[in-house]
Q: 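Could you have a look at this structure, given as structure tokens, before my questions?
Worth knowing before you read on, the calculation uses all heavy atoms, side chains too, and leaves out hydrogens, waters and symmetry mates. Residue numbers start from 1 in every chain, and the chains themselves are labelled A, B, ... in the order their sequence lines are given, proteins ahead of strands.
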Protein chains: 2
Amino acid sequence: MSLSIGQVAERTGLSVHALRFYEKEGILANEVHRGPGGRRVYTQQDVDWLRMCIMLRMSGMPVPEIRRYTELVRQGDGNELQRLEILKEHQERVRQQMAQLQECMDLITYKVGIYEDYVNSIATRAVGQ
Amino acid sequence: MSLSIGQVAERTGLSVHALRFYEKEGILANEVHRGPGGRRVYTQQDVDWLRMCIMLRMSGMPVPEIRRYTELVRQGDGNELQRLEILKEHQERVRQQMAQLQECMDLITYKVGIYEDYVNSIATRAVGQ
DNA sequence: CTAGGAACTAGAGTCGCCTCTAGGTCAAGA
DNA sequence: TCTTGACCTAGAGGCGACTCTAGTTCCTAG
């Protein structure tokens, strides 16, 4: 099954612009070939790959590092250890990010609690209690 | 106790540049007053406030929204409900962010597992087992 | 007195990641 | 035939959050 750039945009949530940008940045595991009129033809694998890249991006992996990873995949078998290393490094970064976010969340939750108590106490007083 | 901009930079981890930038952006709860030669003089409260702002930033609150919040605090009593709303909205965003990050983490962990198994199987085969 | 270092201002520059523009091709439907 | 709409390229533009520069002022130590 082959897909147009518009269809891929739809099912990945990326814009058509972003898809061309990603391609130019070397973030597609296999070269997108072209149909009549030079139009890009994508496959379901491309969509799957893109979905993974979106996950990596969402979790803060920079485009150049996604490119490095993509290049390893493109090279084929034999560099699995390098791929693993990239993934593990990233995993560690995500872990830290989550810890940090949890810390922020704790502070925010604490403050929300304080303000809720305060606002409630005001409301209670207002009805004469 | 009063602190110079350099000292505040040290204890918040922000750069001197960033501190001036934050001030210009209206992100300080009380106006920083100036010492001899027009130099900024900070207090411990400023540092505490900045630390909270850093938490908000780290968790993705945009500078303009921190400014809105700061303005409410500067206005003083009476707008606690609005402050609470800002915090709750942000809390929700952070929650979503964490969920998203967890999703990414799951995928990465899954891939790491696969590559680890594969790399191990290769290593095992290499020693003739 | 002079050199260093920290501070000051206003405003320009940078970085990452898209997003958009301009100007064009092509195929299908009214 | 004409228009619409999806696609194409190369390259410019935008945004958020800093970061850095240039040109000063001021204090302190040697």
Q: To the nearest 0.5 Å, how far apart are CD1 in A/I27 and CG in A/L50?
A: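 That separation rounds to 9.0 Å.
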Q: Using a 4.0 Å cut-off on heavy atoms, which residues in residues 48-61 of chain B reach DNA chain D? List them by number, or say none.
A: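 By residue number: B/R57.
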Q: In terms of the angle between their ring planes, are A/Y69 and B/Y115 parallel, tilted or perpendicular, with boundaries placed at 30° and 60°?
A: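 It falls in the perpendicular class, over 60°.
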Q: Do A/M55 and A/M98 belong together in a cluster built from hydrophobic side chains that touch within less than 4.5 Å?
A: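 In one cluster: yes.
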Q: Could you see if B/I86 belongs to whatever hydrophobic cluster contains B/M58? Use Ile, Leu, Val, Met, Phe, Trp, Tyr and a side-chain cutoff under 4.5 Å.
A: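 Shared cluster, yes.
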Q: With a 4.0 Å cutoff (strictly under), does any side-chain N or O of A/Y22 reach OP1 or OP2 of C/dC18?
A: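 Answer is yes, contact under 4.0 Å.
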Q: Taking atom types as modelled, find out whether B/T43 and B/D46 have a side-chain donor-acceptor pair closer than 3.5 angstrom.
A: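 Note: B/T43 and B/D46 side chains meet the donor-acceptor criterion.
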Q: Tell me what B/P62 touches on the nucleic acid: a base, only sugar-phosphate, or nothing, going by heavy atoms under 4.0 Å.
A: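 Touches sugar-phosphate only.
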Q: Nearest heavy atom decides the nucleotide; on that basis, is B/P36 or B/V63 closer to the 5' end of DNA chain D?
A: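 This one resolves to B/V63.
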Q: Regarding B/E92 and B/R95, does a basic nitrogen lie under 4.0 Å from an acidic carboxylate oxygen?
A: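 Yes, B/E92 and B/R95 are salt-bridged.
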Q: Go nucleotide by nucleotide along DNA chain D from the 5' end; which of A/E23 and B/F21 gets its closest nucleotide reached first?
A: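 With A/E23 and B/F21 compared, the 5'-side residue is A/E23.
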Q: Between the protein and nucleotides 6-10 of chain C, are there any N/O to N/O pairs under 3.5 Å, and if so, what are the atom names and distances?
A:
| residue | atom | partner | partner atom | Å |
| --- | --- | --- | --- | --- |
| C/dA6 | N3 | B/R39 | NH2 | 3.0 |
| C/dA7 | OP1 | B/S4 | OG | 3.1 |
| C/dA7 | OP1 | B/G6 | N | 2.9 |
| C/dC8 | OP1 | B/R40 | N | 2.7 |
| C/dC8 | OP1 | B/R40 | NH1 | 2.8 |
| C/dC8 | OP2 | B/R20 | NH1 | 2.6 |
| C/dC8 | OP2 | B/R40 | NH1 | 3.2 |
| C/dC8 | O5' | B/R40 | NH1 | 3.3 |
| C/dT9 | OP1 | B/R34 | NH1 | 3.3 |
| C/dT9 | OP1 | B/R34 | NH2 | 3.1 |
| C/dT9 | OP2 | B/R40 | NH1 | 3.0 |
| C/dT9 | OP2 | B/R40 | NH2 | 2.8 |

Q: In whole Å, I'd like the distance from the CG atom of A/L19 to the C1' atom of C/dC17.
A: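 Interatomic distance, CG of A/L19 to C1' of C/dC17: 14 Å.
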Q: Between P on C/dG5 and CD on B/E10, what's the gap in Å once rounded to a whole number?
A: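 Going from CD in B/E10 over to P in C/dG5 covers 16 Å.
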Q: May I ask whether A/L28 and A/V41 are part of the same hydrophobic cluster, defined by side-chain heavy atoms of I, L, V, M, F, W, Y residues being less than 4.5 angstrom apart, directly or through others?
A: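 Looking at the clustering, A/V41 is in a separate group from A/L28.
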Q: Do we see a donor-acceptor contact under 3.5 Å between the side chains of B/Q96 and B/Q100?
A: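 Result is no, nothing qualifies.
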Q: What is the 5' to 3' range of DNA chain D, first to last nucleotide, that sits under 4.0 Å from any heavy atom of chain B?
A: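 Terminal contacting nucleotides, 5' to 3': D/dA17 to D/dC26.
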Q: Charged N to carboxylate O below 4.0 Å: is that the case for B/E23 and B/R34?
A: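 Answer for the salt bridge query: yes.
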Q: Of the non-hydrogen atoms in A/I108 and B/S59, which two are nearest, and what is the gap between them?
A: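 Distance-wise, the nearest heavy atoms are CD1-OG, 4.1 Å.
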Q: Examine the side chains of B/N120 and B/E116 and answer whether a donor and an acceptor come within less than 3.5 Å of each other.
A: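 Judged by distance alone, the side chains do not pair up.
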